[in-house]
Amino acid sequence: MAGEVIVDALPYIDHGYDDVGVRESALAMVEEECRRYRPTKNYLDHLPLPATSPFETPLMVNEFERIQNRLPMETLSMKRYELPPPPSGKLSEVSAWQEAIENSMAQLEHQWVRSLNLELMLDYGTEAWKSYLEVFTAMQAKAQLQLQQLKKDIQDVNWQRKQAQTQAGERLRSLEAHWVLLVSKNYEIETECVELEKLVHAARQKLQSVAPEPSANDTAPTPEHTNGFDQEDLVESNGSSSSNSNSNPEQEGEGAAVADVVNEEEKVEAQDESSNEST
């Protein structure tokens with residue numbers, strides 16, 4: 001899925017990051033990828049351009065144009081602080097002297113405004129500075145609270161990440177131990193199976209060496225010949241063959257004893273029936 005993040009490292013439980021050569025190997029991998037990566041010129045075309053016009057003043061626009069055109073910066077004009085006399089060619093003109101007088105009056109007014117500002121600063125500058133410091137202190141306290149809250153949020157995120165990774169690490173270690181146990185059991189079972197196969201093979205070889213060779217008249221059924229017959233048919237056939245064959249005296253005695261027991265039981269049942277009829 002797009003945007004899916006696959007976590008392949010757990011820094012809180014993984015070890016080996018501080019080993020010798022690990023940092024150098026990681027930096028070498030980063031440098032190798034940087035050498036292979038060739039960004040195209042249009043890889044940011046899908047992003048909109050930043051809107052800087054709302055923050056630009058006319059002075060900033062003129063300055064940006066000057067920088068773009070590579071023009072030198074204008075020097076500070078001191079003409080407003082000068083009191084030049086009329087040019088030599090206009091000494092006899094009244095308008096030239098009038099401009100010089102107006103310039104001197106403007107200079108005097110500017111100096112008077114500066115002195116007035118200094119007096120106002122002496123009278124009210126201390127209080128204004130104190131109020132500014134109070135506002136600045138309040139802004140600083142608010143920024144400190146925001147910083148503390150941000151640090152707390154970062155700490156909570158780190159703690160949650162550590163807790164999740166610790167639980168995942170315990171789960172991984174448990175699964176790893178269970179996997180090792182299963183692999184060990186499978187190995188033991190395979191080893192035992194191999195040993196049993198060896199024993200069975202040795203027993204078969206021993207039986208083959210001890211068993212007599214079959215004769216031409218021997219027609220004993222083999223496991224291959226009994227396939228397709230039920231176990232009951234085999235038992236019945238064995239029973240009929242045993243009844244037809246000559247039995248030994250011990251077997252005959254056992255048959256007679258069983259017949260006597262059956263006759264005694266029949267007599268007892270008959271007596272019980274007669275007693276019930278009489279009652």
Residues in salt bridge (Lys or Arg N to Asp or Glu O under 4.0 Å) with Arg23, at least two apart?
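For Arg23 there are no salt bridge (Lys or Arg N to Asp or Glu O under 4.0 Å) partners, ignoring immediate neighbours.
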
When you check the side-chain N and O atoms of Asp153 and Gln149, is any donor under 3.5 Å from an acceptor?
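The criterion, which ignores hydrogens and geometry beyond distance, is satisfied for Gln149 and Asp153.
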
Do His201 and Gln205 meet the criterion of a side-chain donor-acceptor pair at a distance under 3.5 Å?
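Result is yes, a qualifying pair exists.
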
Are there over 12 heavy-atom neighbours, none belonging to Glu33, within less than 6.0 Å of that residue's CD?
no

Flag yes if more than 12 heavy atoms outside Met121 fall under 6.0 Å of its CE atom; otherwise flag no.
no

For Tyr187 and Thr191, what are the C-alpha separation, side-chain angles and deciding distance, and is it a side chain to side chain contact (heavy atoms under 4.5 Å, CB included)?
CA-CA 6 Å; Tyr187 178 74; Thr191 305; 3.9 Å; yes

Could you pull out all residues at least two apart from Tyr132 that satisfy ring-ring contact (aromatic ring centres under 6.0 Å, His included)?
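Counting only residues at least two positions away or on another chain, Tyr132 forms a ring-ring contact (aromatic ring centres under 6.0 Å, His included) with Trp129.
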
What are the two closest non-hydrogen atoms of [X] and [Y], and how far apart are they?
X	Y	answer
Leu10	Ala168	CD1-CB, 4.3 Å
Ala100	Pro84	CB-O, 4.1 Å
Met73	Glu63	CE-OE2, 3.9 Å
Phe55	Met60	O-SD, 3.7 Å
Glu32	Arg35	OE1-NH2, 2.5 Å
Ile13	Gly169	CD1-CA, 3.1 Å

Could you check whether any side-chain heavy atom of [X] comes within less than 4.5 Å of a side-chain heavy atom of [Y], counting everything from C-beta outward?
X	Y	result
Lys198	Val194	yes
Arg171	Leu175	yes
Gln155	Lys151	no
Glu93	Pro86	no
Gln148	Leu145	yes
Trp112	Asn117	no

Taking [X] for its side chain and [Y] for its backbone only, find out whether a donor-acceptor pair lies under 3.5 Å.
X	Y	value
Ser184	Val180	yes
Thr137	Leu133	yes
Glu56	Val61	no
Ser131	Ala128	yes

Can you list, by chain and residue number, the hydrophobic cluster partners of Trp97 when the side-chain cut-off is 4.5 Å?
Leu91

Side chain to side chain contact (heavy atoms under 4.5 Å, CB included), that's the test. Do Met105 and Glu109 meet it? Break it down for me.
CA-CA 6 Å; Met105 292 175 66; Glu109 186 69 21; over 6 Å; no

